[in-house]
Amino acid sequence: MALQELNFSFKPEKNFTSFTPEWFHSGVVGSGDMEVLMERRKQDGRVTVKVVTPVTGFDQVWEKVLGKFVADTKIGNLHMEINDNNATPFIVHMRLKQALFEAKGDVES
Amino acid sequence: MGMTMLGKGRKAISMILDEGSFVEGKIDEYTLPDIGPGAVIGTGSLKGRKVEVIANDAMVRNPRFPVVYSGVIGMEEAYKMATAVYKMIELDKNKPQEEKRPLVLIVDTPGNGPGKVEELFGMNKATGAYQLSLAEARQHGHPIVAMIIGRAISGAFLCHGLQADHILSLSEEFQTMIHVMPLAGIARITKRDIESLTELSKTNPVFASGAGFFYKLGGLEELVHNVDDMKETIDRHITEIYKCNAEGNSEKCGPWGRGTLGKERGGRETRYRVIQMMYDEFARVEEQYI
Amino acid sequence: MRKWEEMQERSFYESTARERAVNLVDKGTFTELLAPIDKMTSPHLPILGEAVSFDDGVVTGVGKIGKRPVFVISQEGRFIGGAVGEVHGAKMVAAFRLARQSYEKIKEKYPNDFESRVPAVVISFETGGVRLHEANAGLLAHAEVMEQIQHCRGKIPVIGLVGSKVGCFGGMGFVVVATDMVIMSDRGRIGLTGPEVIEEAMGKKEFDASDKSLIYRITGGKHKYIMRDAAYLVRDSIGAFHKQVGEALKMSYDEIQSHRCIGSLKLVEEQLELVKIAAENNFKDATDVWAYFGNKKSDQIQDQFYDEFIREAKRRPRR
Amino acid sequence: MEGNRKRWDSLKRDRMERIREAIPLVKIGKIVEASNAVKLLETVIKPYDKVTIEGDNQKQADFLADCLCKVDREQVHHLHMIQSAISLPSHLDVFEKKIASKVDFSYAGSQANRLAQFVKEGKIEIGAIHTYLELFGRYFIDLTPRVALTVAVSADKEGNLYTGFNTEDTPVVIEATKFKQGIVIAQVNEIVDKVPRVDIPGDWVDFVIQAPQPFYVEPLFTRDPANITDSQVLRAMMVIKGIYAEYGIQSLNHGVGFDTAAIELLLPTYGEELGLKGKICKYFALNPHPTLIPAIESGWVESIHSFGGESGMADYVAARSDVFFIGPDDSLRSNRTYCQAAGHYGIDLFIGGTLQIDKYGNSSTATASRIAGFGGAPNMGCDPKGRRHSSEAWIKCGQEDGLQRSLIGDLPRGRRLVVQLQETFREKMAPGFVDKLDAWNLAEAANLAIPPVMIYGDDLTHIVTEEGIAYLHKCSSLEERMAAIRAVAGFTEVGLEEKPEETKALRKKGIVKTPEDLGIDLSRANRSMLAAKNVRDLVEWSGGLYHPPAKFRSW
């Protein structure tokens, strides 16, 4: 019942945009929620993700959710670490999008 | 076996102090208010050295506060304890450090008063006041030794014990209990079964209950394996604390000192790393702030 | 994160610990120490299968209010109820140590302008006390924090803020009242023993733990303000807390610490008089206590809105 | 020869006989002491009687329910209970004690698990699970009670009843019983010289008992805004923009839940921003939801008729007689029968949440271990085929209907909007979309004739999830509907079957709209959009007129 760690690596979309901030953090690990730490990383555009979660048996769902995020946002050269506490797939999707949006705003302002 | 000091705060006083030396309710000439019967406080001598003693009496009930019995520290008890400590500081105010009298805490308490009136009037203030008084006494150089003879549980242990320079405990065969919550409760909260928690606690003492685990974490300076050794051991620690203070090493004792002790015993290593990293990070931005 | 100006209007209660921390100090001055990028998660939670957080439920850092460096500790109630474990506790302790070290350095560096540059510690409490998953380390950390507060006495103002969802309970209930000044909103709560435990000790008839209204009367900001456990009661916005902290830091140290309720023999004696009152009167509810201190319409106090309450509340007289 | 003549008044004579036997128990007028209540029930109830007990959604004849459990089983047994709701433990205890054996009901709520257990153990026979209107209808057809155990706020000694704020089911229960020669017993909180208003005339009531405790009312419709999540805010934004604004929804019902509470709390913020005030949400068939206070105070709402009341809302409702239905005594007159009829025929939209939706769009709140019943949702969550009046929203929805022409040719006909709000995954990863409803398992376990379905797929017009809105009624085949459902089912087993090119085509046809299609900015979907963030804010909005129950008072 220990926490489990999942690692994923995604090829970016062809016309990807690189993640530019050195790092950006968003979210709170409340019940049903998660936090994400996004880091700039030069890795041929790849997006790598480490998920730490108490929930087991949803590896494929994670892969789909994260893959959709990468495809939708066309982001690249990004490493993310997620601490999850039973967030639903949609919450994960929304938090990631919100975080990326905020991260961009942070750079602009 | 079967030997226990549980509930025997008064007996412990007589075992630890020189025979017949204990005067209850008095700090020198000062008479403590006649409240908080669960707190036994007075002055006596330990191997000829004048000491102040604060102990729990688990055999009485507080007639004014019905949830206060069996060694529970209620509002009256805690404020009485704080008063005794402040009086001691005041009386020894002009003495040199090596003559500040030691304080011996004899610990056997299951908790603070869990009542409505206690919350209304601030049980937290009462025990908070006592903790501050102990921390202040240490600053003035009064050596404080806590001797756990029975229960040292959660918030009550925080106020009556954890501010001491050194903490000693009878070992577990005397049925001493040191914890925040018994393992069964932890099991409920963490949704784990007791067996697996027991197994886990062998390698990680951080949530388990018992004197042995606290020792590993640096939460105790020494375990005492024989009741007859209490007196000697306390006396030895008082001497050590005097020495530390004289050498200007008072930070080797007390809560901060036990943090260092934890690292030495391999129990709280992350604590040390966290503090170092915070220091380093601040050093990098210090210019902006000071 | 949203703009500082915008955040001043934001509900303190609704905000996250990080939002509070950043926006409690002057605009743009906050530096987080041991930030999420350090990834300092609890080493104990994983083996128990409990989720971890990069800040371990507490945001620590330094900012400025005026010329003073302000060390901020802001607890996050959403992460395991803001409970204190080994990392969380060590971060709190380190913040105090840094404040004390800074005090000495500033004293040396600015001998002529020392007063206005003295550092302060501001703690936004949102916690149930010890984290049971790492109970022993959490308990020991509590003792360390208490010791640090005593070390700050006479030098460094320590201000406690309570206006969050979880409130401040358990062992941190001791810590908050040991600060020099407590600032609350009426949504904040301070207590020691959890309602369920009190119900168990007293029986459901005497104390119904499911009665939220009763819990708030007894532990809430209004009661603490009347009792003077809280020095100030402010509106529920980050700006209101920020402003009150700013006001406090314009005061002399003596004036700040005149708001203490414990920490000296004199204060203990004052509190003992209250305990005597408690013993002599059979108070059944907070409303009885409010009436005792001269609040005629004590049954209406709970529903009063901020302005009316502040205007009309009769507080416990000081000695 | 009397013995050979066919009797046409046997019910009446039986009634007179039972009442005569009970006369020694009457203290004065129609008043019976609480201490004689059990005796009274033993006297007037006979084995195999149909007995109704209130048993409403909210207020409960709890004292009489307890008394019924205490009657002598030798004298009273095999009762057939007919009641709107099985809400109290005593409602099932009476079966455990073998006093009653059969039940017809509508809604089970907190007793749903135990009810399923009883059915499994053969302790209870279910006649049928009804909707409210069906059950009320059958009161007048073949389920007419012999004895009604009802509840009111106060009574005078002539038996005039004041049901007040929570009138709910009392009129229909008493009317059906009394006018078919049945016996009506009412428990009341107090006996007064003069009731504030006569809700039930005294000559429709046979016995009145002052209960030792005021009757229990559950605050079922209070949702603390503090518990509304960001994802609920997002769905509420989508509903307002993609449905309410799109169709100009003026008359509607909101099912109870945090999703609909979020919609109510977004009207004064997001709705205002979209310029929708006066254009949508003017007329409600709805209980006095506390979360509607900000919208009412901001001038959105013109009229609300209520099924029942809601704890703490009495003073507020009384002070807003322009909006609510208020008696001459200044208190709310609720009535479940009328409001259900209004909700069936008088409104353009029903919206609510559910537990599971299957791949065809059928939805159910049943699980294998719970018999939750239906309440009123199916009557509002369907297209009332008897409706003949038209409205803009109704016509538009009908025009968009992808199947209508194939059934009735080119004749214009409108359609009710039936909307289900669904989170693709709830807490603990419980999926909102499933291949097969748990209702099938329940039907098997509880020996029900058909799986209990709350809303059938063909009645459903829209599904709203975080992924988007599926405008199901626009589809012209079951295949297309299933594809639209898959498109919004997220990462559930149903959603994982989604084919991107299919979804793309559906988006092009306007059958599926994502938040992006609707022009909704995800980053704004958070709690700061709510007009009230907690119960305290609602009190403030109400100008201090709303008095929430203690368990909601977090200040």
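Keep in mind that what you see is a predicted model, and the values were worked out from it rather than measured. In what follows, every chain begins at residue 1, and chains take the letters A, B, ... in the order their sequences are listed.
Proximity to chain B (any heavy atom under 4.5 Å) is restricted, for C:Gln101, to the side chain, taken from C-beta onward. When heavy atoms are compared at a cutoff of 4.5 Å, B:Gln139 approaches chain C solely by way of its side chain, counted from C-beta outward. Using a 4.5 Å cut-off between heavy atoms, B:Leu197 contacts chain C through its side chain alone, with no backbone atom that close. With a 4.5 angstrom heavy-atom cutoff, C:Val130 touches chain B only via side-chain atoms. Using a 4.5 Å cut-off between heavy atoms, B:Ile35 contacts chain C through its side chain alone, with no backbone atom that close. Neither the backbone nor the side chain of C:Glu269 comes within less than 4.5 Å of any heavy atom of chain B. Looking at C:Ile106, the atoms closer than 4.5 Å to chain B (heavy atoms on both sides) all sit in the side chain, from C-beta outward. Heavy atoms of C:Ser42 lying under 4.5 Å from chain B are absent altogether. Looking at C:Val289, the atoms closer than 4.5 Å to chain B (heavy atoms on both sides) all sit in the side chain, from C-beta outward. Looking at B:Glu90, only its side chain comes within 4.5 Å of chain C, counting heavy atoms on both sides. Neither the backbone nor the side chain of B:Pro66 comes within contact range of chain C; no heavy atom of the residue lies under 4.5 Å from a heavy atom of that chain. If you measure heavy-atom distances from C:Arg68 to chain B, you find no contacts under 4.5 Å at all. Within the 4.5 angstrom heavy-atom criterion, no atom of C:Lys276 approaches chain B. For B:Tyr272, no part lies near chain C; criterion is any non-hydrogen pair under 4.5 Å. The contact between C:Glu32 and chain B is made entirely by backbone atoms, counting heavy-atom distances below 4.5 Å. In this structure, no portion of C:Asp56 lies under 4.5 Å from any heavy atom of chain B. B:Arg138 touches chain C through its side chain: at least one heavy atom from C-beta onward sits under 4.5 Å away, while N, CA, C and O do not. In this structure, the portions of C:Lys91 lying under 4.5 Å from any heavy atom of chain B include both its backbone and its side chain. The parts of B:Arg268 that come within reach of chain C are both its backbone and its side chain, each placing non-hydrogen atoms under 4.5 angstrom from that chain.
Side-chain contact between B:Ile290 and C:Tyr103: absent, with no pair of heavy atoms (C-beta onward) separated by less than 4.5 Å. Counting only heavy atoms from C-beta outward, the side chains of B:Val67 and C:Met202 approach each other to under 4.5 Å. The shortest side-chain heavy-atom distance between B:Phe121 and C:Met227 falls under the 4.5 Å cut-off. Proximity of B:Glu286 to C:Lys105: side-chain heavy atoms (C-beta onward) are separated by under 4.5 Å at one or more points. Proximity of B:Leu158 to C:Leu139: side-chain heavy atoms (C-beta onward) are separated by under 4.5 Å at one or more points. Put simply, the side chain of C:Leu265 does not reach to within 4.5 Å of the side chain of B:Ile89, judged on heavy atoms.
Residue with the most contacts toward chain C among B:Thr127, B:Thr83, B:Leu120: B:Leu120 (heavy-atom pairs, distance under 4.5 Å). No other option in B:Thr270, B:Ile186, B:Asn62, B:Leu200 has as many heavy-atom pairs under 4.5 Å with chain C as B:Thr270. Heavy-atom pairs under 4.5 Å with chain C peak, among B:Lys125, B:Arg284, B:Gln288, at B:Lys125. When B:Gly185, B:Gly155, B:Cys159, B:Pro63 are compared by the number of non-hydrogen pairs under 4.5 Å with chain C, B:Gly155 comes out ahead. Ranking B:Ala82, B:Gly74, B:Ala208, B:Gly111 against chain C, the residue ahead of the rest is B:Ala208, based on heavy-atom pairs under 4.5 Å.
Listed for the B:Lys116 side chain is a donor-acceptor partner under 3.5 Å among the backbone atoms of C:Lys284. In this structure, the side chain of C:His133 does not engage the main chain of B:Phe207 through any donor-acceptor pair within 3.5 Å. Side-chain atoms of B:Tyr79 never come within 3.5 Å of backbone atoms of C:Val275 as a donor-acceptor pair (strictly under, hydrogens ignored). The main-chain N or O of C:Phe174 is never found under 3.5 Å from a side-chain atom of B:Asn124 such that the two would form a donor-acceptor pair. The closest donor-acceptor contact from the side chain of B:Glu119 to the backbone of C:Thr193 lies under 3.5 Å. Put simply, the side chain of C:Asn136 never gets that close to the backbone of B:His179: no donor and acceptor are under 3.5 Å apart.
Here B:Ser133 contributes atom OG and C:Leu267 contributes atom CG; the two are 12.5 Å apart, rounded to the nearest 0.5 Å. The line from CG of C:Leu140 to CG of B:Leu162 is 6.0 Å long, rounded to the nearest 0.5 Å. Rounded to the nearest 0.5 Å, atoms CD1 (B:Ile189) and CD1 (C:Ile80) are 11.5 Å apart.
Look at B:Arg271 and C:Glu144 and you find a salt bridge, because one of the NZ, NE, NH1 or NH2 atoms lies within 4.0 Å of a carboxylate O, short of that distance.
With no hydrogens or angles considered, no side-chain donor-acceptor pair links C:Glu147 and B:Gln163 at under 3.5 Å. Side-chain contact, C:Thr31 with B:Tyr289: a donor N or O sits under 3.5 Å from an acceptor N or O.
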Self-check item: Test log, rule side-chain contact (heavy atoms from CB on, under 4.5 Å), inputs C:Arg260 and B:Leu132
Solution: CA-CA 12 Å; C:Arg260 297 193 68 85; B:Leu132 283 179; 3.3 Å; yes

Exercise. Begin from the C-alpha positions of C:His151 and B:Trp256 and carry the test side-chain contact (heavy atoms from CB on, under 4.5 Å) through to its verdict.
Key: CA-CA 11 Å; C:His151 280 306; B:Trp256 176 260; over 6 Å; no

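The aromatic ring centroids of C:Phe71 and B:Phe282 lie less than 6.0 Å from each other.
Chain C is approached within less than 4.5 Å, heavy atom to heavy atom, by B:Arg273, B:Val274, B:Ile275, B:Met277, B:Met278, B:Tyr279, B:Glu281 from residues 273-281 of chain B, ordered by number.
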